[in-house]
K.L.:
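Dropping the structure in here first, questions after.
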Amino acid sequence: MAELHSGMSRPTILVVEDEAPLLTLLRYNLEKQGFRVDEAADGQEALMRVAEAPPDLVLLDWMLPALSGLEVCRQLRRRPDTRDLPIIMVTARTEDQDAVRALDTGADDYIAKPFVMDALMARIRALLRRSGGVATKGVLAWQDVSMDQDAHRVTRAGRALHLGPTEYRLLEFFMQHPGRVFSREQLLDAVWGRDIHVEPRTVDVHIRRLRKSVNADGEVDIIRTVRSAGYALDLEHA
């Protein structure tokens with residue numbers, strides 16, 4: 001098996017598996033390949049691990065106690081911060097329709113037990129290559145606003161902006177779609193997540209906070225309010 005070069009950053013794999021012997025075997029082989037390994041024995045623990053320390057890839061067993069791997073995958077795909085997280089579903093279910101269900105739910109790949117370890121490692125490396133592994137997100141820039149997504153630093157005209165977590169995610173979403181108007185409901189889905197129940201007017205509160213942080217005295221307001229429609233990042237109202 002090809003191993004990760006010692007000079008490369010070591011991706012973290014979260015292994016979600018309730019069978020202790022298989023979990024031990026997977027950890028041994030993944031660490032031998034140069035990966036860091038985190039573990040979860042059930043679906044709820046998996047969601048907690050991802051929230052605490054997002055991995056670079058999830059190796060997810062379908063048949064888990066309490067919360068199935070399918071439901072874990074579904075919940076991860078609903079969340080803005082994990083909707084692109086690479087997921088490989090591992091299961092003893094071998095019917096073609098099972099693979100279709102896993103992939104339709106959001107899994108990037110599917111492998112049936114028992115599997116050849118070399119084949120699994122090859123799939124992990126291939127998916128990490130496609131997803132960029134631990135590649136940096138980069139920098140977003142619009143007008144005089146710059147966002148370093150890896151360092152979580154935002155500046156406007158060279159001035160550091162101090163944003164709360166929600167205001168940061170709002171601005172990040174706007175900068176990914178400049179000029180486009182989004183309703184409160186669309187912003188709730190994109191920034192808070194579809195499975196989070198928040199009043200639409202909550203968006204207005206965070207927009208006000210974002211404006212206060214982004215717009216200094218004498219600077220043009222870059223957040224446009226569109227009556228009865230929503231908000232946009234643009235200067236058309238200036």
Side-chain angles (χ1 to χ4, degrees), residues 1-2 4 9-135 137 176 189-196:
M1 291 186 223
L4 294 176
S9 178
R10 297 172 60 202
T12 297
I13 312 297
L14 173 62
V15 181
V16 188
E17 173 61 62
D18 63 326
E19 296 179 23
L22 180 55
L23 183 59
T24 300
L25 182 63
L26 286 167
R27 172 180 279 278
Y28 171 78
N29 281 276
L30 287 164
E31 289 180 341
K32 185 179 178 182
Q33 293 298 299
F35 296 108
R36 292 188 180 93
V37 179
D38 198 1
E39 302 176 355
D42 59 54
Q44 293 289 1
E45 185 183 3
L47 293 173
M48 182 184 70
R49 295 282 187 190
V50 171
E52 290 176 348
D56 297 293
L57 181 145
V58 178
L59 199 57
L60 181 61
D61 186 27
W62 183 321
M63 304 298 289
L64 294 169
L67 195 67
S68 73
L70 210 62
E71 181 58 27
V72 171
C73 183
R74 187 176 290 115
Q75 291 196 27
L76 290 174
R77 288 297 180 246
R78 286 174 183 163
R79 299 176 181 179
D81 54 339
T82 57
R83 63 179 43 155
D84 297 320
L85 177 63
I87 299 173
I88 297 178
M89 191 78 77
V90 182
T91 180
R93 304 171 72 113
T94 58
E95 296 295 326
D96 288 344
Q97 193 58 35
D98 293 327
V100 171
R101 283 184 67 196
L103 295 171
D104 282 348
T105 301
D108 297 285
D109 202 354
Y110 176 100
I111 189 165
K113 301 175 183 177
F115 49 80
V116 176
M117 195 62 69
D118 282 10
L120 177 60
M121 296 299 149
R123 289 181 184 221
I124 289 172
R125 290 193 298 270
L127 183 51
L128 284 172
R129 281 196 301 272
R130 292 200 301 272
S131 67
V134 289
K137 290 185 178 180
Q176 290 167 340
D189 285 347
V191 177
W192 278 263
R194 293 177 184 271
D195 54 339
I196 304 297

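One-based numbering along the sequence shown.
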K.L.:
Applying the side-chain contact (heavy atoms from CB on, under 4.5 Å) test to L59, which of I87, L14, L120, I111 qualifies?
P.N.:
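With L59 as partner, I87, L14, L120, I111 yield a single side-chain contact (heavy atoms from CB on, under 4.5 Å), made by L120.
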K.L.:
Does I124 reach the side chain of L30, with side-chain heavy atoms less than 4.5 Å apart?
P.N.:
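SC-SC contact between I124 and L30 confirmed.
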K.L.:
So do the side chains of V72 and V16 get within less than 4.5 Å of each other, counting heavy atoms only?
P.N.:
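Side chain of V72 against side chain of V16, heavy atoms only: no contact under 4.5 Å found.
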K.L.:
Sequence neighbours excluded, which residues qualify as side-chain contact (heavy atoms from CB on, under 4.5 Å) partners of A122?
P.N.:
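Per chain and number, A122 pairs via side-chain contact (heavy atoms from CB on, under 4.5 Å) with R125.
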K.L.:
Find out whether R78 and D189 are in side-chain contact, i.e. whether some heavy atom of one side chain is under 4.5 Å from a heavy atom of the other.
P.N.:
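Heavy-atom side-chain distance check fails, nothing below 4.5 Å.
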K.L.:
Between N29 and M121, is any pair of side-chain heavy atoms under 4.5 Å apart?
P.N.:
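Yes, close enough: below the 4.5 Å cut-off.
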K.L.:
State, with a plain yes or no, whether a side-chain heavy atom of P55 is found less than 4.5 Å away from one of I13.
P.N.:
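No, every pair of side-chain atoms sits at 4.5 Å or beyond.
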K.L.:
Take V50 and R79, measure what side-chain contact (heavy atoms from CB on, under 4.5 Å) needs, and give me the verdict at the end.
P.N.:
CA-CA 11 Å; V50 171; R79 299 176 181 179; 5.6 Å; no
K.L.:
Do F35 and L128 pass the side-chain contact (heavy atoms from CB on, under 4.5 Å) test, and can you show the C-alpha distance, the side-chain angles, and the key distance before you say yes or no?
P.N.:
CA-CA 11 Å; F35 296 108; L128 284 172; 3.5 Å; yes
K.L.:
So, taking the atom named CD1 in I88 and the one named SG in C73, what distance separates them when rounded to the nearest 0.5 Å?
P.N.:
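Atom-to-atom, I88:CD1 and C73:SG are 11.5 Å apart.
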K.L.:
Please list, chain by chain and in numerical order, all residues satisfying side chain to side chain donor-acceptor pair (under 3.5 Å) with R49, sequence neighbours excluded.
P.N.:
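So R49 forms a side chain to side chain donor-acceptor pair (under 3.5 Å) with E45.
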K.L.:
Around atom CZ of F115, are there more than 12 heavy atoms of other residues, nucleotides or ligands at under 6.0 Å?
P.N.:
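It does: F115 CZ has more than 12 such atoms within range.
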K.L.:
Per the side-chain hydrogen bond (donor to acceptor under 3.5 Å, both in side chains) rule, what does the pair list look like for residues 99-109, sequence neighbours excluded?
P.N.:
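Qualifying pairs, neighbours excluded: R77-D108, D109-R123.
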K.L.:
Could you list all the salt bridge (Lys or Arg N to Asp or Glu O under 4.0 Å) pairs where at least one residue sits in residues 58-68, not counting sequence neighbours?
P.N.:
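Output for this query lists D61-K113.
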K.L.:
Could you grab the distance from atom CG of L60 to atom CD of E17, nearest 0.5 Å is fine?
P.N.:
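Answer rounded to 0.5 Å: 9.5 Å.
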K.L.:
Which atoms form the tightest heavy-atom contact between Y110 and A102, and what is the distance?
P.N.:
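Answer, listing the atom of Y110 first, then A102: CD1-CB, 3.5 Å.
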K.L.:
Are the side chain of E19 and the backbone of P21 linked by a donor-acceptor contact shorter than 3.5 Å?
P.N.:
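Judged by distance alone, no pair lies under 3.5 Å.
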K.L.:
So, using side-chain contact (heavy atoms from CB on, under 4.5 Å) as the criterion, who are the partners of P65 when residues are at least two apart?
P.N.:
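Partners of P65 under the side-chain contact (heavy atoms from CB on, under 4.5 Å) test: D18, D42.
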K.L.:
Are the side chains of L67 and L47 in contact, using a 4.5 Å heavy-atom criterion?
P.N.:
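L47 reaches L67 side chain to side chain.
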K.L.:
Over all heavy atoms of both residues, which pair between M89 and A107 is shortest? Give the atoms and the distance, please.
P.N.:
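Smallest interatomic distance, heavy atoms only, reads CB-CB, 4.2 Å.
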K.L.:
Only counting residues at least two apart or in another chain, list the ones meeting side-chain contact (heavy atoms from CB on, under 4.5 Å) with S68.
P.N.:
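S68 satisfies side-chain contact (heavy atoms from CB on, under 4.5 Å) with L70, E71 once adjacent residues are dropped.
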